[in-house]
Amino acid sequence: MALENNINEKLLKPYDPKETESRIYKLWEESGLFNPDICIEKGFTEKNAESFCISFPPANVTGILHMGHALGTTIEDIMIRYNRMRGKRTLWVPGTDHAAIATQSVVEKELLKKENKSRYDLGREEFLKRVEKFADESHNTIIGQLKKMGSSMDWSREAFTFDEKRNLAVRTAFKQMYEDGLIYRGLRIVNWDPKGQTVVSDDEVDHKPNKAKFYTFKYSKDFPISISTTRPETKVGDTAVAVHPDDPRYKEFVGKTYTIDNFCGVKLEIKIIADYEVDKGFGTGALGVTPAHSVIDWEMAQKNNLPIIQVIDEKARMMIDNENLKGKKTTEAREIIVEWLKKEGLLEKEEEIEQNISVADRTGGTIEPLPKLQWFIDVNKKIKNRGDKSLKELMLEPIRDKEIKLIPNYFDKTYFHWIENLRDWCISRQIWYGHRIPVWYKGEEIYCNTEAPKEDGWIQDEDTLDTWFSSGLWTFSTLGWPEKTEDLKTYHPTNVLETMYDILFFWVARMILMSEYILGEKPFNTVYLHGMVKDKQGRKMSKSLGNGINPIEVIEKYGADAVRMSLIVSKSPGIDMRIAEEEIKGYKHFANKIWNITRFVLDNTKEIKYDKNFENYSEKDLDLQKERHDLIVDITKDMDDYKFYIASEKIYHYTWHQFADIILEDSKKIFENGTEEEKLSRRQFLLHTLNKILVCLHPFMPFITEEIWGLLPEKNKNLLIVEPWPQISRKL
RNA sequence: GGGCGGUUAGCUCAGUUGGUAGAGCGCUUCAUUUACACUGAAGAUGUCAGGGGUUCGAGCCCUCUACCGCCCACCA
């Protein structure tokens, strides 16, 4: 009897993921089973089943997905598929993020490169059209990529951080915070990015090491105190010199004011003040106070009632009324002033030092601290209907009280540290792509609401919101808030938030803030933080190094199942991982192994009918059954503990090195020399074990397992995605 | 400056409540078409970074040190 007639011809050839995966994904989509409502409708999920929900971290519409996205998506899909198989009412909400500044920067860069134009050349309306077109294209690419990874997301609930519903959520949240006095407008020294022409928050500033010249000089020959600086050009804006109150060298001068008639052509009034912030041991122990261009100096100016003179404008050019300096770039002005100091014999010392310079993380522009009127969220104000707690406390408490569990838990400490140092969050941006601030002005009057005022003459604030404001609402804005929807009731708080550790502050903290403040509940129970995907040598994958692995390319080559396994097996949470193509290739071999296991099992069991409840196992097979049962108990526990890296390795090891290498080899002997009872027992065992392997492996390798599931001879079988996970006794 | 993490086989990493050191890849030898060569069998490889302590017993707990990595702050 020829083999070919009895088992599917597909199995005679090596497993072909490329042919299989798109077909299987389509099958799933057509079944509708990614949608929990349909699972209930079709009877796969109990209506009152416990819910399990993950909000997919909305992917930035800035281009294509990278390996990090592939990792996160895989981990989440594993959790979703596992919980769906456990019978839970399981929802994975997909979405994308408009990513305001990130997306705008990408489009601006392209515009400059291709057309040599700035956004101002196009104007707000035309520029926004370009951004939207780009965002739309990126969105489509991203959705396609997520499907290729096998993500079992409920596409009917897809959301975008900048669609109509989310925009309403943003306006509603803003209004509520404004009315509670948590959002206020204030004049502050902010991080101004001259390149992006916008303010950025403290979290969006990176520090880069930089060699700088450190100059020590006096404002004039008669001035009693020398000061030091790396930025002489700001010194034309000085209004004081601060010294330590206990510094004997300068005590006698404190309180006096000196007039310098000519400091590089500028007249200065310098008051000598005492402040404990000053470090006696640094430089000359005296600090030239520039209130308009330094945060600490600004604070000193407030305390001492000093005049504030802005000398640098938004384009990082000198705005002081002086013919030598006006309109000059800060770097040019620096040279002019240093030359002048040299000429006048005022420069005492010039040394090279290592310092850090602040740059905007998206544009790379050098941050210029400037005083500006911006919108802030007050993190310290007590909130009446939240038990007089501040936003800071609302963010801190769920983590401190273990109501939200971080995996790995050592991130708790990092989180606390960040909260302790948290200052008011600047939420207004001068970029164009984003949620417009729902505030209108008419003369001195200010109006804040979700809709524009009806009367004429009101002008809306030009600014847009920090992108993290809308992402902060994500766990509940995706479930329909501000409407009181069924979804919101059923799925919030969500169960798990899975993301990379680098946005713990940007995003995770902001979600806790928003959910605790607006809904009075946590946004999720567990935060699973994954590490960064690096190349074989441990370097960050980047375009400039050209060492990135494109997930889609490797999926084409080795299959999504193999890519998923390579990202999961023995890769612990929170820890950066290295990935090499050979490793992915290894799991393609594994897929083929499973394929051939199936071929062997089906070929050797075609005489019998699979009996799920078969009981007459031989003694040997009872031992094997026990071993298999113990393994499933183990794996189930690992899955419940979020230890996918261990569970996946165990099932891999069992499949290849126990089932294939030992049990299948042993079966050949039984089929040759065994009794009829032994043969029947083993045949039933093989079929039963193959079934269990497919089930347990499904969350990790969904495509091949579903494909084989469909090739098994049993009739009336449901899709594997809704096959119940094995029931195990928890007694042991 | 403050904080966090790491150091285990040649490489990449696991190692549950303390109880005889593990996996994958690689390497050596053998098997040569057997469900699978995208294969199988056998094998070699460790001062668990170092010192000290607790314990009957430490890779794991405590303590000190060294080195690597990351985060936050930032001295003008």
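Every chain is numbered from 1 and lettered A, B, ... according to where its sequence line falls, protein lines coming before strand lines.
Heavy-atom nearest nucleotides on RNA chain B were determined for A:Asp206 and for A:Lys280, and the one closer to the 5' end corresponds to A:Asp206. Residue A:Lys536 is the one, among A:Phe590 and A:Lys536, whose nearest nucleotide of RNA chain B lies closer to the 5' end (criterion: closest heavy atom).
Within the 4.0 Å cut-off from OP1 or OP2 of B:rA76, at least one side-chain nitrogen or oxygen of A:Gln355 is found. Contact annotation: A:His293 does not reach the phosphate of B:rA76 (side-chain N/O to OP1 or OP2, under 4.0 Å). Residue A:Arg231 places no side-chain N or O under 4.0 Å from the OP1 or OP2 atom of B:rA76. When the side-chain nitrogen and oxygen atoms of A:Trp418 are compared with OP1 and OP2 of B:rC4, none of them lie within a distance under 4.0 Å.
As judged by a 4.0 angstrom heavy-atom cut-off over every strand, A:Ser572 is placed among residues touching the sugar-phosphate backbone only. Here A:Ile296 lies in heavy-atom contact (under 4.0 Å) with sugar-phosphate atoms only. Contacts of A:Tyr645 with the nucleic acid, taken as non-hydrogen atoms under 4.0 Å apart, involve only primed sugar atoms and P, OP1 or OP2. Nucleic acid contact class of A:Ile575 (heavy atoms, under 4.0 Å, all strands): sugar-phosphate only.
Set against B:rA76, B:rG24, B:rC72, the side chain of A:Phe505 has B:rC72 as its closest nucleotide. Side-chain atoms of A:Lys643 lie closest to B:rU16 of the nucleotides B:rU16, B:rA76, B:rC38. The side chain of A:Arg578 lies closest to B:rC13, out of B:rG24, B:rC75, B:rC13. Checking B:rC4, B:rC75, B:rC72 against every side-chain atom of A:Asn421, the shortest atom distance belongs to B:rC72. Nearest to the side-chain atoms of A:Ile353 among the listed nucleotides B:rA76, B:rG5, B:rG24 stands B:rA76. Listed nucleotides: B:rC71, B:rC75, B:rG24. Nearest to the side chain of A:Thr414: B:rC71. Side-chain proximity of A:His207 to B:rG5, B:rC74, B:rU16: nearest is B:rC74.
The interatomic distance linking A:Ile651 (CD1) with B:rG24 (P) rounds to 15 Å, in whole Å. One can place CG of A:Asp641 at 16 Å from C1' of B:rA14, the figure rounded to the nearest angstrom. For the pair A:Ile227 CD1 and B:rA76 P, the computed distance is 13 Å after rounding to whole Å. A:Asp203 has its CG atom 12 Å from the C1' atom of B:rA73, to the nearest Å. For the pair A:Leu504 CG and B:rC70 C1', the computed distance is 13 Å after rounding to whole Å. Across the protein-nucleic acid pair, A:Asp502 atom CG and B:rG5 atom P stand 18 Å apart, rounded to whole Å. Computed from coordinates, the A:Tyr501 OH to B:rC72 P distance equals 11 Å when rounded to whole Å. Atom CD1 in A:Ile189 sits roughly 14 Å away from atom P in B:rC74 (whole-Å rounding).
Spacing between B:rA73 and B:rG2 at atom P, rounded to whole Å, works out to 16 Å. Nucleotides B:rA41 and B:rG50 place their P atoms 35 Å apart, quoted to the nearest Å. Rounded to whole Å, the C1' atom of B:rC71 lies 27 Å from the corresponding atom of B:rG15. Straight-line distance between the P atoms of B:rG24 and B:rG43: roughly 14 Å, to the nearest whole Å. Comparing B:rU17 with B:rG5, their C1' atoms sit 23 Å apart, to the nearest whole Å. Rounded to whole Å, the separation between the P atoms of B:rG3 and B:rA44 comes to 47 Å. Across B:rA23 and B:rU8, the matching C1' atoms stand 13 Å from one another, rounded to whole Å. B:rG57 and B:rA21: their C1' atoms are spaced 15 Å apart (whole Å).
Remark: the A:Asn356 side chain and the B:rC74 base include a donor-acceptor N/O pair separated by less than 3.5 Å. No hydrogens or angles were tested; on distance alone, nothing pairs the side chain of A:His417 with the base of B:rC71 as donor and acceptor under 3.5 Å.
Side-chain contact check for A:Ser667 and A:Arg682: at least one donor-acceptor pair (N or O, by modelled atom type) lies under 3.5 Å. In this model, a donor atom of one side chain and an acceptor atom of the other lie less than 3.5 Å apart for A:Ser201 and A:Glu204.
With contacts defined as side-chain heavy-atom distances shorter than 4.5 Å, the pair A:Arg362/A:Val200 does not qualify. A:Thr655 is listed as a side-chain neighbour of A:Ile597, based on a closest heavy-atom distance under 4.5 Å. Counting only heavy atoms from C-beta outward, the side chains of A:Lys650 and A:Leu631 approach each other to under 4.5 Å. No side-chain heavy atom of A:Tyr610 sits under 4.5 Å from any side-chain heavy atom of A:Pro713. Residues A:Val236 and A:Met318 are in side-chain contact: their nearest non-hydrogen atoms beyond the backbone lie under 4.5 Å apart.
Under the Watson-Crick or G-U wobble criterion, with both distances below 3.5 Å, B:rC25 is paired with B:rG10. Using the Watson-Crick or G-U wobble rule with both distances under 3.5 Å, B:rC48 pairs with nothing in any strand shown. Here B:rU33 sits opposite no nucleotide as a Watson-Crick or G-U wobble pair (both hydrogen-bonding atom distances under 3.5 Å).
Not less than 6.0 angstrom separates the ring centroid of A:Phe644 from the ring centroid of A:Phe700. Ring-centre distance between A:Tyr501 and A:His530: not below the 6.0 Å cut-off. For A:Phe282 and A:Phe214, the distance between ring centers is under 6.0 angstrom.
Figure legend: cation-pi geometry between A:Arg599 and A:Tyr15 absent, as NZ or CZ is not positioned both under 6.0 Å from the six-membered ring centre and within 45° of its axis.
In the displayed structure, A:Lys536 atom NZ is contacted under 6.0 Å by at most 12 heavy atoms of other residues, nucleotides or ligands. Around the CD atom of A:Glu19, the shell of radius 6.0 Å holds more than 12 heavy atoms that belong to other residues, nucleotides or ligands.
Less than 4.0 Å separates RNA chain B from at least one heavy atom of each of the following residues of residues 282-290 of chain A: A:Phe282, A:Leu287.
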message: Return a single string for nucleotides 28-37 of chain B, one symbol per nucleotide in 5' to 3' order, where B is base contact, S is sugar-phosphate-only contact and - is none, cutoff 4.0 angstrom on heavy atoms.
response: -------BB-
